[in-house]
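Step one of this worksheet: look at the structure below.
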Amino acid sequence: MEIRDTLSSSLKEIETREGKRLYMFVCGPTVQDDPHMGHARTYIFYDVLARYLRYRGIRLFYLMNITDIEDHIITKMKETGRSWEDITATYSSRFFDVMEKLKIRSVNYYAFATDFIEEIISQIKRLMKKGYAYETSDGVYYRARKFKEYGRLSKQNLDQLMAGARVEVNEEKEDPLDFALWKKKKEREPSWQSPWGEGRPGWHIEDTAITESIFGPNYDIHGGAKDLIFPHHESEIAQMEAISRKRPMVKYWIHTGHLNVDDIKMSKSLKNFVTVEEALKNYWPEAIRIMMLSMKYNAPVNFEEKAAADAQGTAERIAILQHRVDDSPELKTERAVEAVMKIFAPLESDMNTPETMREIVSFVKDSLAKKGLTIQEKGEIRYVLSEVEKVLGIVHTPPLPERSLNVLLELRNELRKKGDFTSADRIRESLNSRGIKIEDTAEGSYLWW
RNA sequence: GGGUAGGUGGCAGAGUGGCUAUGCACGGGACUGCAGAUCCCGACUAUUGGGGUUCGAAUCCCCACCUACCCUCCA
């Protein structure tokens with residue numbers, strides 16, 4: 001399959017290592033606030049990428065870092081008076097909770113930055129030895145211009161870049177472009193021992209220390225959202241390649257587009273942050289996944305009520321189809337396999353999930369239109385939906401209704417037969433208020449949510 | 001100022017040289033006690049502007065205009 005690589009800005013065929021192995025690293029969150037829809041957008045895409053690569057038989061190791069020490073966390077400490085441990089424990093557990101709710105379970109290992117302090121220090125030492133780093137009164141910095149490829153990933157001309165309104169307070173730095181590898185401790189900040197005194201790591205070095213420890217100096221896919229290209233990923237390349245001299249650090253750089261809210265960039269200053277928990281109050285996880293997958297991964301996604309409601313409708317239609325066929329065992333026939341291939345084919349060209357969604361919607365529509373499905377047809381549809389679920393995670397399966405609910409449903413049907421619609425409607429309303437929908441069909445009624 | 005990605009019907013959004021997606025919204029109908037959901041039929045029928053290449057362009061090339069994002073912490 002082909003994927004667009006940011007560094008070469010061209011499509012590249014994905015090649016695996018020996019034994020069909022592939023190493024992927026994706027930049028995780030800084031655990032200092034509730035996960036928002038931007039996180040959902042990014043991590044849903046990489047989840048589907050990981051699922052699809054594995055579906056194709058690739059033995060993927062998917063690694064994600066968790067930034068648990070960083071300026072924002074310190075700001076949060078000062079604002080709230082809470083301890084570092086308290087903040088990072090709270091928000092990392094919320095992050096994992098949200099990932100689980102969104103059916104993102106493809107990550108093999110979450111690496112917390114502070115578990116890699118030794119490796120970080122080792123990398124900084126090596127950079128100093130090679131002349132890429134220098135110490136000042138407040139930290140250790142990387143000599144960006146010494147690495148001649150700096151700017152290649154983001155296609156930035158370093159001198160033009162300088163024209164931007166770059167506010168630099170630090171007079172000790174040799175060049176405003178230089179970035180921190182180690183920050184020396186200030187009053188009441190969490191800190192670790194190092195050859196440069198107590199302090200904490202810079203942001204960019206966390207990731208290269210983690211990936212070097214787990215994957216070595218070279219690996220295959222590095223993902224993240226677009227805003228990380230500069231300076232974060234640019235600096236990662238500078239660090240790792242300066243240390244190892246083994247190029248390229250990664251073979252495929254993938255960057256996802258942002259999430260806008262009502263066409264406006266989501267930002268703290270505009271107070272238009274939508275958390276995942278808020279969105280989940282109104283929409284199924286499957287609907288959120290569908291919404292994200294309805295646009296190409298590198299384009300911006302707009303989160304607005306209409307788009308979300310559309311996605312919810314699609315998710316419900318898939319769920320209705322699933323309900324119609326779940327009394328038959330899966331049946332893998334040639335016809336079913338062909339249908340699956342048709343659905344996944346667009347993923348081969350740069351993960352064209354919108355096209356795949358279109359194929360699914362059209363498959364679901366055709367299947368719903370068929371009256372009186374045979375056992376075989378049901379089994380085939382079930383097989384297709386199950387494959388779709390494996391890769392995309394968009395088939396909503398309602399939990400089995402409790403006995404008491406079924407009793408209510410039967411009672412309502414009896415009331416309907418008798419013509420007591422007032423009481424029947426009261427039951428429907430009561431169930432609706434609990435988020436449970438009643439589906440009256442020609443073959444009878446059932447509950448779902 | 002530099003960079004990246006784009007400009008497709010009322011809206012959202014695919015399609016990379018010929019067969020003009022799909023969804024939502026809209027009109028009519030079926031089913032239903034009703035509502036919702038589902039299904040059927042229908043109408044509208046687009047490719048930012050201007051040049052060029054071609055038998056033929058939304059699709060390739062050039063110019064112009066416009067938009068979003070990045071260059072500052074950010075998924």
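The aromatic rings of A:His39 and A:Phe95 lie perpendicular to each other, with more than 60° between the two planes, well past the 30° mark.
Evaluation of the ring-ring contact (aromatic ring centres under 6.0 Å, His included) rule for A:Phe96 yields A:Tyr110 as partners, not counting sequence neighbours. In this structure A:Glu355 satisfies the salt bridge (Lys or Arg N to Asp or Glu O under 4.0 Å) test together with A:Arg358, sequence neighbours excluded. Applying the salt bridge (Lys or Arg N to Asp or Glu O under 4.0 Å) criterion to A:Lys183, with sequence neighbours excluded, gives A:Asp71. With sequence neighbours excluded, no residue satisfies side-chain hydrogen bond (donor to acceptor under 3.5 Å, both in side chains) with A:Glu2. Judged as a salt bridge (Lys or Arg N to Asp or Glu O under 4.0 Å), and not counting sequence neighbours, A:Asp326 has no contacts. By the side-chain contact (heavy atoms from CB on, under 4.5 Å) test, A:Leu280 is found to be paired with A:Lys101, A:Leu102, A:Val276, A:Pro285, A:Ile288, residues two or more places apart in sequence or in another chain being considered. With sequence neighbours left out, the ring-ring contact (aromatic ring centres under 6.0 Å, His included) criterion links A:Tyr132 to A:Tyr142. The side-chain hydrogen bond (donor to acceptor under 3.5 Å, both in side chains) search around A:Glu410 returns none, not counting sequence neighbours.
Nucleotides B:U20 and B:C26 have their P atoms positioned 27 Å apart, rounded to a whole Å. Taking the C1' atoms as reference points, B:A5 lies 40 Å from B:U38, given to the whole Å. Comparing B:A57 with B:G52, their P atoms are spaced 12 Å from each other, to the whole Å. The same atom, P, is picked in B:C19 and in B:A35; the two are 43 Å apart, to the nearest Å. Comparing B:C24 with B:U32, their C1' atoms are spaced 24 Å from each other, to the whole Å. Using C1' as the reference atom, B:U45 and B:G10 are 12 Å apart when rounded to the nearest Å. Taking the C1' atom of each, B:A25 and B:C44 are spaced 12 Å apart, rounded to whole Å. Only the P atoms considered, B:C39 is 10 Å distant from B:G23, to the nearest whole Å.
A:His36 comes within contact range of at least one nucleobase, with a heavy-atom separation under 4.0 Å. Among the heavy atoms of the strands lying under 4.0 Å from A:Lys155 are primed sugar atoms or P, OP1, OP2 only; no base atom is included. No contact: A:Ile229 has no heavy atom under 4.0 Å from any strand. Using a 4.0 Å heavy-atom distance criterion, A:Ser154 is classed as a sugar-phosphate-only contact.
Put simply, CG on A:Asp5 is 12 Å from P on B:A5, counting in whole angstrom units. The distance between atom CG of A:Asn272 and atom P of B:C74, rounded to the nearest whole Å, is 19 Å. Note: NE2 (A:His258) to P (B:A5) measures 16 Å, nearest angstrom. Put simply, CZ on A:Phe179 is 14 Å from P on B:U72, counting in whole angstrom units. For A:Arg152 and B:G2, the CZ to C1' distance is 19 Å, given to the nearest whole Å. If you measure from atom CG of A:Asn260 to atom C1' of B:A68, you get 8 Å, rounded to the nearest angstrom. Counting to the nearest Å, the C1' atom of B:C74 and the CD1 atom of A:Ile66 are 15 Å from each other. Separating the NE2 atom of A:His255 from the P atom of B:A5 is a distance of 13 Å, rounded to the nearest angstrom.
Ranking B:A14, B:G2, B:C24 by closeness to the A:Pro354 side chain, first place goes to B:A14. In the set B:C73, B:U22, B:A75, the nucleotide with an atom closest to the side chain of A:Glu70 is B:C73. Among the nucleotides B:C73, B:A75, B:G15, the one closest to the side chain of A:Asn352 is B:G15. Taking only side-chain atoms of A:Met266, from C-beta outward, the nucleotide of B:U4, B:G15, B:A75 with the closest atom is B:A75.
Contacts classified as ring pair (Phe, Tyr, Trp, His ring centres under 6.0 Å) and involving residues 300-323 of chain A (residues at least two apart or in different chains) are given here: A:His323-A:Tyr446.
In the displayed structure, A:Glu305 atom CD is contacted under 6.0 Å by at most 12 heavy atoms of other residues, nucleotides or ligands.
With RNA chain B read from its 5' end, the first of the two nearest nucleotides for A:Glu355 and A:Arg4 is the one closest to A:Arg4.
Taking every heavy atom of residues 275-302 of chain A and every atom of RNA chain B, pairs under 4.0 Å involve A:Met295, A:Lys296, by number.
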message: Does the protein touch nucleotides 32-39 of chain B at the base, only the backbone, or not at all? Give it as B, S and - per nucleotide, heavy atoms under 4.0 Å.
response: -BBBBBSS
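Considering only side-chain N and O atoms, A:Lys265 lies under 4.0 angstrom from the phosphate OP1 or OP2 of B:C70.
Residues A:Ile69 and A:Trp84 are in side-chain contact: their nearest non-hydrogen atoms beyond the backbone lie under 4.5 Å apart. Residues A:Met351 and A:Leu49 meet the side-chain proximity criterion, which asks for heavy atoms closer than 4.5 Å.
Side chain of A:Lys12 to backbone of A:Lys251: a donor-acceptor contact under 3.5 angstrom is found.
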message: What does the 5'-to-3' dot-bracket notation of RNA chain B look like when only Watson-Crick and G-U wobble pairs under 3.5 Å count, and pairs to other strands show as |?
response: (((((((..(((.....[...))).(((((.......))))).....(((((..]....))))))))))))....
